[in-house]
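Residue numbers count from 1 along this sequence. Just so you know, these numbers come straight off a predicted model, no measurement behind them.
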Amino acid sequence: MEPGEINTQQNMMERFAALSRIGTALMRELNEERLLNMIAETACELTGAAFAAFTLRPVNEEGQPLVASEGNLFHLAAVVGVTKEQETLFRRMPLGGEGLLAPIFREGVAVLVADALAHQHHHHQSTQAQAGKNAAREAAIAYSHGKISTEGLLSMGVPAGHPTIRSFLGVPLLDRALQVRGGLLLGHPQPDKFTPDDEMLLVGLAAQASVALENARLFHAVQMRAQELNAIFESIADGITLIDSHGTVVRENGTARRLRKALLERPEQQQTLDTLAAILNEPARQALQGEVVQDITVTAFDEHNEQREYLVNASPFNSPTSSGSLPHLNNAPSNGNNTATGAVVIWHDVTEARHLIIEQRIHADTEARRVLLQRILDELPSSVYLVRGHDARLVLANRALTTVWGATWMPGQPMTTFLAENGIRIVGIDGHPMEQAQLATLQAVRQHETVRSKQEIIRHADGTTIPVLVNAISISASDLNLSLWDTSQTTNSESEPAAIVVHQDVTALKEAEALKDEFIGIAAHELRNPLAVLKGFSQMLIVQTARGKGPQLTDWQLEALDGIDQSTVRLVELIDDLLDVTRLQAGQLELSIEPTNLIDLVRRVMGKQRITTAQHTLNLHTALEHLVVNIDTRRMEQVLNNIIGNAIKYSPDGGTIDVTISEDRAQLFALLSIKDTGIGIPVEQQARVFGRFVRGDNARAYGIGGTGLGLYLSRELVERHNGRIWFESTEGKGSTFTISLPVKEQE
Ligand code: ADP
């Protein structure tokens, strides 16, 4: 069917009705590409054009043109009625406001060319001399003229392969601001195909297309904006809930959804429902009444059953959808009517922030406490340190440590490394270097033993020695929050042993003691000579008088002389004890060891002791005739005298004293025990009675005299014989002292 026939067959009414129908359909189509194709097809259909093309000027999201209408940046948006090759050509062609298209794009006017070949060709100079619309129209006609040379066409941007056009109709697409938005171009290879009616129709179609395009663009922009807002809304970490005037949740973001679900999923817990009320319902209610709810703190459990703390805010808003009216963006909130059409509730999770604050506070607290502890420790005169692990790595130390050790022990450094690196040696009181296992610190961490008052001597690299009393208290690392000080976070540190060690520098004490011993020694020495004279003269008086030399003495005179004599003997013994003590302290006590029959020795001592008392019975129990031990007989006699003498002395009411001699099973030791039924030793003094000048409280209370040196000397002497002495005693019941001595090996 010929387009001309269509034109004649359809009356204007029908065509406009078709245009209106199409217009309605266009308004519904929101996809730009489909829309343009639809317009192009409609244009062909209504005008009988052989082909139609749609060119568009690039615009931004707001619909503002990105380029001037001049130039060639328009792009082909849709084309119908051309071959594939022609379409490809069109797509490559610059479709700006040049040549034939210039009046459409530059001036925004329609161009109708009935027959391009019927027009005269004009020179460029003459076209430039004319102005405005006509000039453009002329240029277009000249350009579209079929007789224009190929070169001319090419120079004006129409390449070879372009479909031949004799009939041409082009109209601009104008936007709201009457700016050229694009063009709708129709063509036909035969002349006289387009009428002014067609032009009117096409102008109408272009106007509708322009509105439809703007609609599509707006719709697209709104959709994009909505998507953006939605993405933002969903990605907000706070919970946001929108509530309508009936209190129904109309919208909420992911966070709010999760939280509300978590609260609702535990409805059996009344507390949870209350929490939901506190977080959502109550703030929403207040907001719907026009109030602004600010920063209410609520605690709730989340979906992981973790307790969380929220700051809840709520405010009213006027929703355009629920009120049915347009929002008054720039208006102040309406007065008079306080009721909002909706409310927004925001739940802000502050759990982590709170924890952080609390943690910071705790950290500051511990730090302050640590600093205080360090200050206290630093002021202590004794060296104090804390070690951990089997290698006793230093954790914490005070200032005095450096003075005592003569070197700085670095935290984390094992004790033996520290000693080796600084040339420090630790020796026992006997002057021998101590084994590692004997060191109080290592004992505490390795054997988990608490060592108290151990004497050690620290010898610095320069030879200085410092005698110390060591207390090493074994603790487990988990008892302390060691992470406070620990920089090297080792695994399983919890089970590691640790020890607090206190070293007391006893140099001054030792010096005082040495001074005391020296004084005792000198005093005892000086006392000996006058005592010897006294003893000599009293003996002389007694002996010479007995021989009848000089006048006869009366009984009381003889008695007085006897008293003087006995007291001098007692005094000499006392001074000998004192001298022995000082000799022991100075290491000057020599033993003259010889094989001795212990049974004989004990018998002899017991015999002498029997004479001193009438109240006590002394019994010897033994199955042995001989028991040879290697001892200094005089010194062992001294020990036995002490122990048996004590048994008598501390049984003031008399009684039996049982002395038993036996051998241990392996026949390595002689065992000698002396049992009395006397006053016993109070528990409080039991640990110390072997010390110098230590006496039981009850001994004093009974008025029993003594110096507290006997047991000290006895133990020292027994130990020098490689023996041991110990006792068991109950206050008021009696005591049993036991001595063990190595038996002389059989040759
Ligand atoms: P002294 O007897 O000179 O006081 P010792 O060193 O011999 O000194 O004894 C120390 C203390 O031990 C005594 O003062 C006494 O309190 C207690 N003691 C020693 N032996 C006995 C004993 N057999 N029974 C009760 N107490 C004893």
Identify all side-chain donor-acceptor contacts of residues 354-361 below 3.5 Å with residues at least two apart in sequence or on another chain.
unit_1 : atom_1 : unit_2 : atom_2 : d
R354   : NH1    : E309   : OE2    : 2.4

L213 vs L36, test: side-chain contact (heavy atoms from CB on, under 4.5 Å). Steps then yes/no.
CA-CA 8 Å; L213 262 183; L36 295 174; 3.9 Å; yes
Kindly write out the residues that satisfy salt bridge (Lys or Arg N to Asp or Glu O under 4.0 Å) with R260, not counting sequence neighbours, or none if the list is empty.
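R260 satisfies salt bridge (Lys or Arg N to Asp or Glu O under 4.0 Å) with E252 once adjacent residues are dropped.
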If the condition is salt bridge (Lys or Arg N to Asp or Glu O under 4.0 Å), which residues does R258 pass it with, not counting sequence neighbours?
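If we apply the salt bridge (Lys or Arg N to Asp or Glu O under 4.0 Å) test to R258, skipping adjacent residues, the hits are E303.
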For the atom pair [atom1] ([X]) and [atom2] ([Y]), what is the distance rounded to the nearest 0.5 Å?
X    : Y    : atom1 : atom2 : value
L288 : N281 : CG    : CG    : 10.5 Å
I39  : S210 : CD1   : OG    : 9.0 Å
L35  : N215 : CG    : CG    : 9.0 Å
T297 : L311 : OG1   : CG    : 5.0 Å
Q294 : I346 : CD    : CD1   : 11.0 Å
T299 : Y310 : OG1   : OH    : 10.0 Å

Indicate whether the side chain of T255 and that of W347 have a donor and an acceptor atom separated by less than 3.5 Å.
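There is no such pair between these side chains.
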Please enumerate all residues that pass side chain to side chain contact (heavy atoms under 4.5 Å, CB included) together with [X], with sequence neighbours excluded.
X    : result
E85  : T83
N31  : E29, E33, R34
H363 : none
A314 : P283, A287, V293, V345

Under the salt bridge (Lys or Arg N to Asp or Glu O under 4.0 Å) definition, can you give me all pairs with a residue in residues 276-288, not counting sequence neighbours?
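Every salt bridge (Lys or Arg N to Asp or Glu O under 4.0 Å) pair that includes a residue of residues 276-288, provided the two are not neighbours, is E282-R285.
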Note, [X] side chain near [Y] side chain (heavy atom, < 4.5 Å):
X    : Y    : result
L112 : D198 : no
L205 : V171 : no
V80  : F54  : no
L396 : Q374 : yes

Could I get the full list of side chain to side chain donor-acceptor pair (under 3.5 Å) partners for [X], not counting sequence neighbours?
X    : value
E234 : R257
D295 : N313
R369 : none
N230 : R251

Output yes when R308 and D349 qualify as a salt bridge under the 4.0 Å nitrogen-oxygen rule, no when they do not.
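The answer is yes: the pair qualifies as a salt bridge.
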Under 3.5 Å, is there a donor-acceptor pair between the side chain of [X] and the main chain of [Y]?
X    : Y    : result
S315 : V292 : no
N253 : D238 : yes
T351 : Q307 : no
D365 : I362 : no
S167 : Q190 : yes
T47  : A43  : yes

Quick check: closest heavy atoms across [X] and [Y], and the distance to 0.1 Å?
X    : Y    : result
V250 : I243 : CG2-N, 4.1 Å
A110 : E199 : CB-OE2, 3.4 Å
E496 : G389 : OE2-CA, 3.5 Å
A343 : A284 : CB-O, 4.1 Å

